[in-house]
Protein chains: 2
Amino acid sequence: MARERKFTDDQLFQATKQMIIQDGYEAFTFSKLASILNVSRGSIYKYYENKDELISEFLMYEMNRFLHEFHKLDKSGDFQTQFELLIDFIFEQSNMHQVLEIIQQIPANTTKRVENNKNRLNEYHIDMYQQLQGLIDLGRKENIIKNHLPTALLLGMTFQTIAIPNHFNISQEEWIASIKEVLIHGMLKKE
Amino acid sequence: MARERKFTDDQLFQATKQMIIQDGYEAFTFSKLASILNVSRGSIYKYYENKDELISEFLMYEMNRFLHEFHKLDKSGDFQTQFELLIDFIFEQSNMHQVLEIIQQIPANTTKRVENNKNRLNEYHIDMYQQLQGLIDLGRKENIIKNHLPTALLLGMTFQTIAIPNHFNISQEEWIASIKEVLIHGMLKKE
DNA sequence: GTTCAAAGTGACACTAGTGTCACTAAAAAT
DNA sequence: ATTTTTAGTGACACTAGTGTCACTTTGAAC
């Protein structure tokens, strides 16, 4: 086995996540990462040829973790129950939103490993989207969702809610309950 | 007046906008800007000490333009009319969303001119927020908005809708109409 | 204890950006 | 035509990052 490693993949990915969530893709550098991990920059190149490769591996890792949690969600209730569980889940995994946005920023023209990861990330994304589509379809089968609203919009609006800045520090509980209320029944009182 | 300028502020801001919308704050460089404007990098330093200063001036310019348009909106109708006009307006000005996000990314510890601009941008932001708050208050006075929903959330959800990716290229018209429908009445049919 | 394979290092050459400044160019004022 | 004033230039020194590689370190296997 030879020499012991000074850092695990988990440590590396955790540090990467923190850097990316805080400052975004561009601000991520091997230098900063190396200093967080207390190793020399050169040692990271033993495992990743460059930044794009490292980040694409990180995204695979995060995506796997996320999908694993996602699949554990209870799929037995009716539409509204499952929809509310989904929103709770999205808020539990709130920084996943920032992580997923990074996928778009990986440039083309890199190594095969990166291209490979990008393709697999896309497949994962489609897989997840299909499951969510299944949830909306359930609502349609129950005949409670307005027929003319596009599925893509309903999912988009749902996911986008986690990016709304809560400047006034309204409690998480009230915040989430209000989001559910608006998405499901709208902001206006019933006449 | 001496020698003629090779580029106007408008040209400079337009090029800046394009670069920032396409690639974000970090990717903006004096080198690229200079090459778009067909001047030497050095000449831009005649007007702006550095990137932060240039971008903060650009944001002032954009914000002024945006607020000017905003103030022209018809404020005479009832809540629902004005709200729908607001959403139409937001989509007309859709890249303003990306522009506003840049404000957060200007670092601290720069020149006084930058600090000054940041403060004024904040004031503008508050000004706009108060007007929007006025709109929500109108809805409350008309007694048609559910009382328990926080104003900040309603505005947040409204503004966030422009960032929803329309991957399936649903027509702008249908997209906006659906957003209005969900925000106002929710995704579920009335029982 | 020797060997050897993998982990880690730090110096090197390179790139792409920054900010400055003495200098040149051009248009307006005299 | 000369002067003045401002616009613009490009070379210079600097910084912060990249990717590489010969070399050192370490721990397990023999």
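The chains referred to below are lettered A, B, ... by the order of the sequence lines, with proteins before strands, and numbering in each begins at 1.
Minimum heavy-atom separation, B:Gly77 to B:Leu138: O-CD2, 4.1 Å.
When distances run from any side-chain atom of A:Ser43 to the nucleotides D:dG19, D:dA7, C:dT9, the shortest one goes to C:dT9.
B:Lys51 places a side-chain N or O within donor-acceptor distance of the main-chain N or O of B:Phe28, the cut-off being under 3.5 Å.
For the pair A:Lys6 NZ and C:dA7 P, the interatomic distance rounds to 13 Å; values are reported in whole Å. Rounded to an integer number of Å, the gap from A:Ile44 CD1 to D:dT20 P is 14 Å. Between B:Asn50 atom CG and C:dT20 atom C1' there is a gap of 13 Å when expressed in whole angstrom units. One can place CD1 of A:Ile55 at 10 Å from P of D:dT18, the figure rounded to the nearest angstrom. The nearest whole Å value for the distance from the NZ atom in A:Lys51 to the C1' atom in C:dT15 is 14 Å. The separation between B:Glu53 atom CD and C:dT18 atom C1' is 15 Å, rounded to whole Å. In this structure, B:Glu4 places its CD atom 11 Å from C1' of C:dA28, rounding to the nearest Å. Between the OH atom of A:Tyr47 and the C1' atom of D:dT20 there is a distance of 16 Å, rounded to whole Å.
For the side-chain hydrogen bond (donor to acceptor under 3.5 Å, both in side chains) condition, the pairs that include at least one residue of residues 127-147 of chain B, sequence neighbours left out, are A:Glu181-B:Lys146, A:Lys189-B:Asn143, A:Lys189-B:Asn147, B:His71-B:Gln131, B:Arg140-B:Thr151.
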So which protein nitrogen or oxygen atoms get under 3.5 Å of nucleotides 23-25 of chain C's nitrogens or oxygens?
residue, atom, partner, partner atom, Å
C:dA25, N3, B:Arg3, NH1, 3.2

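Residue contacts shown for A:Phe7 are limited to sugar-phosphate atoms, with no base heavy atom under 4.0 Å away.
Tested against A:Phe30 for a ring-ring contact (aromatic ring centres under 6.0 Å, His included), the candidates A:Tyr47, A:Tyr45, A:Tyr48 yield a single pass: A:Tyr45. Screening A:Met60, A:Glu62, A:Glu57 for a side chain to side chain contact (heavy atoms under 4.5 Å, CB included) with A:Phe13, the sole residue that qualifies is A:Glu57.
Note on A:Ser31: every side-chain N or O is 4.0 Å or more away from OP1 and OP2 of D:dA16. Of the side-chain N and O atoms in A:Tyr45, none sit less than 4.0 angstrom from OP1 or OP2 of C:dG8. Taking only side-chain nitrogens and oxygens, A:Tyr48 never comes nearer than 4.0 Å to OP1 or OP2 of D:dG19.
To the nearest 0.5 Å, atoms NE2 (B:His97) and CD1 (B:Ile162) are separated by 5.0 Å. A distance of 5.0 Å separates CG of A:Leu12 from CG of A:Leu33, quoted to the nearest 0.5 Å.
One side chain, B:Tyr124 or B:Asn64, offers a donor N or O that lies under 3.5 Å from an acceptor on the other.
Residues satisfying the side chain to side chain contact (heavy atoms under 4.5 Å, CB included) test with A:Leu100, not counting sequence neighbours, are A:Met63, A:Met96, A:Ile103. B:Asp23 pairs by the salt bridge (Lys or Arg N to Asp or Glu O under 4.0 Å) definition with nothing, not counting sequence neighbours.
Of the charged side-chain nitrogens involved, at least one lies within less than 4.0 Å of a carboxylate oxygen, so that A:Lys72 and A:Glu69 count as a salt-bridged pair.
Interface residues of residues 32-42 of chain B facing DNA chain D, ordered by number: B:Val39, B:Ser40, B:Gly42; criterion, heavy-atom separation under 4.0 Å. Taking a 4.0 Å limit (strictly below) on heavy-atom distances, residues 21-30 of chain B does not reach DNA chain D anywhere.
Atom NE2 of B:His148 has more than 12 heavy atoms from other residues, nucleotides or ligands within 6.0 Å.
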